[in-house]
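Reckoned from all heavy atoms, side chains included, excluding hydrogens, waters and symmetry mates.
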Amino acid sequence: MHPATEKSTGGLQRAFVDAYAEASGRTATESPVLPVTGGPAGNVLLTAWTGLVLLVLSVAELLTLFDVRGLISWHVALGALLVPPAVMKTASTGWKMAGYYLGRTPYRQAGPPPLLLRVLGPLVVVSTLGLLATGVLLILLGEESARQDLLTVLGFRIDWITLHQGFFAVWVGAAGLHLLSRLVPALRLTILPGQRPATGVPGRWTRLLWFAAMVASAAALAVVLVHAQGTWGSLPRR
């Protein structure tokens, strides 16, 4: 085998091993704890709890797909509830990565996620935000306007509903892999007895305030979009 090929194969194998080790909880990244805010450790806790909220809401949202027209109000409400935690998780993860790449010492000490998760991350973010953004836009446009053709590609007509479905298809794969890689570490940090950090991480009240703001904004958005759903679910199928 050519040395360059052998090196590339070895690097890829190592990337899979590192990702599996972290996903299974066999290795755990030590996040430095800073006074007042908690630093990287506080960021990790906020991200983990927000991720679990997203998981519960996402499962509930997926269940409405069994009868999306009959459960359209639930589908819209749950989709709205997903927006603030998705934005907050994106922001908390982005803050951590920015701290690492900008050379902030605590975040450099915490280190980056495994290579495969860093490659997967942007796809998860783009597909999640794209799915939620097009979902909100569909409600604001109304069903009839949302079905108006935007363009034609290789003979296939694309409208806003098609775009929403496309983001969903990408999101299912990306979010599924992300869930497999992050569920165990998140549970170890938040719920599993004996696995949570032995010492308190500063910034607890700040994180609670962020959560309160997330809940309030999610509830407000859900009320607004449910009232704005208009003719969705009432027009005949096409």
Side-chain angles (χ1 to χ4, degrees), residues 19 22-23 25 28-29 31 34 37-62 77-102 104 106-107 110-136 164 167-168 170-192 196-197 201 203-222 225:
E22 181 159 329
T29 302
S31 298
L34 299 183
T37 64
N43 177 276
V44 167
L45 281 174
L46 180 64
T47 302
W49 277 111
T50 307
L52 292 180
V53 171
L54 279 171
L55 173 60
V56 173
L57 291 174
S58 296
V59 171
E61 178 77 326
L62 289 172
L78 288 167
L81 291 176
L82 280 163
V83 174
V87 171
M88 191 160 80
K89 187 171 186 294
T90 300
S92 64
T93 304
W95 179 268
K96 176 182 177 181
M97 296 307 296
Y100 175 82
Y101 286 111
L102 290 175
R104 297 172 186 161
Y107 290 93
L115 177 60
L116 289 183
L117 301 188
R118 276 180 279 164
V119 173
L120 179 64
L123 187 60
V124 174
V125 171
V126 171
S127 62
T128 300
L129 298 183
L131 177 64
L132 295 174
T134 53
V136 171
H164 186 62
F167 276 117
F168 175 75
V170 176
W171 175 83
V172 167
L177 290 174
H178 182 76
L179 175 63
L180 290 175
S181 67
R182 288 307 194 196
L183 181 58
V184 172
L187 292 175
R188 287 170 65 93
L189 279 168
T190 56
I191 294 176
L192 294 180
R196 287 171 288 181
V201 177
R204 181 169 179 263
W205 286 107
T206 301
R207 292 190 292 275
L208 287 176
L209 285 174
W210 276 111
F211 253 78
M214 179 187 75
V215 171
S217 58
L221 184 60
L225 290 185

Quiz item: Hey, mind stepping through Trp210 and Thr50 against side-chain contact (heavy atoms from CB on, under 4.5 Å) and telling me if it holds?
Solution: CA-CA 10 Å; Trp210 276 111; Thr50 307; over 6 Å; no
Exercise. Only counting residues at least two apart or in another chain, list the ones meeting side chain to side chain donor-acceptor pair (under 3.5 Å) with Tyr100.
Key: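 None.
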If you round to the nearest 0.5 Å, how far is [atom2] of [Y] from [atom1] of [X]?
| X | Y | atom1 | atom2 | result |
| --- | --- | --- | --- | --- |
| Leu183 | Leu180 | CG | CG | 8.0 Å |
| Leu225 | Leu81 | CG | CG | 9.5 Å |
| Leu57 | Leu78 | CG | CG | 6.5 Å |
| Leu117 | Ser181 | CG | OG | 4.5 Å |
| Ser58 | Leu82 | OG | CG | 4.5 Å |
| Phe167 | Thr128 | CZ | OG1 | 10.5 Å |

For the residue pair [X] and [Y], what are the closest heavy atoms and their distance?
| X | Y | answer |
| --- | --- | --- |
| Asn43 | Ser92 | ND2-O, 2.9 Å |
| Leu221 | Pro84 | CD2-CD, 4.5 Å |
| Pro113 | Arg182 | CB-NH2, 3.5 Å |
| Trp171 | Ser127 | CA-OG, 3.6 Å |
| Leu132 | Gly79 | CD2-O, 3.9 Å |

Exercise. Begin with the C-alpha distance, continue with both residues' side-chain angles, and end with the deciding distance and a verdict on side-chain contact (heavy atoms from CB on, under 4.5 Å) for Arg207 and Val201.
Key: CA-CA 11 Å; Arg207 292 190 292 275; Val201 177; 4.0 Å; yes
Exercise. Apply side-chain contact (heavy atoms from CB on, under 4.5 Å) to Thr206 and Thr37, showing your working.
Key: CA-CA 7 Å; Thr206 301; Thr37 64; over 6 Å; no
Quiz item: Is the cationic atom of Arg104 (NZ for Lys, CZ for Arg) positioned less than 6.0 Å from the six-membered ring centroid of Trp95 and within 45 degrees of its normal?
Solution: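 Positive - Arg104 is close enough to the ring of Trp95 and near enough to its axis.
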Exercise. Apply side-chain contact (heavy atoms from CB on, under 4.5 Å) to the pair Leu54 and Lys89, showing each step before the final yes or no.
Key: CA-CA 9 Å; Leu54 279 171; Lys89 187 171 186 294; 3.5 Å; yes
Quiz item: Pick from Thr190, Val44, Leu189: which one makes a side-chain contact (heavy atoms from CB on, under 4.5 Å) with Trp49?
Solution: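 Testing each of Thr190, Val44, Leu189 against Trp49, the sole residue satisfying side-chain contact (heavy atoms from CB on, under 4.5 Å) is Thr190.
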Quiz prompt | Flag side-chain contact, heavy atom, 4.5 Å: Phe211 against Met88 | solution =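 Answer yes - side chains close enough.
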Quiz item: Leu62 versus Phe168: any side-chain heavy-atom pair under 4.5 Å?
Solution: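 In short, these two side chains touch, coming nearer than 4.5 Å.
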Practice problem: Check for a donor-acceptor pair, side chain of His178 on one end and backbone N or O of Val124 on the other, with a separation under 3.5 Å. | Solution: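 Pair absent, no side-chain N/O of His178 close to backbone of Val124.
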Self-check item: Under the side chain to side chain contact (heavy atoms under 4.5 Å, CB included) test, residues paired with Val125 that sit two or more places apart
Solution: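 Partners of Val125 by the side chain to side chain contact (heavy atoms under 4.5 Å, CB included) criterion, ordered by chain and then number, come out as Thr90, Leu129.
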Quiz item: Would the number of heavy atoms belonging to other residues, nucleotides or ligands and lying under 6.0 Å from CZ of Arg118 be above 12?
Solution: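 It does: Arg118 CZ has more than 12 such atoms within range.
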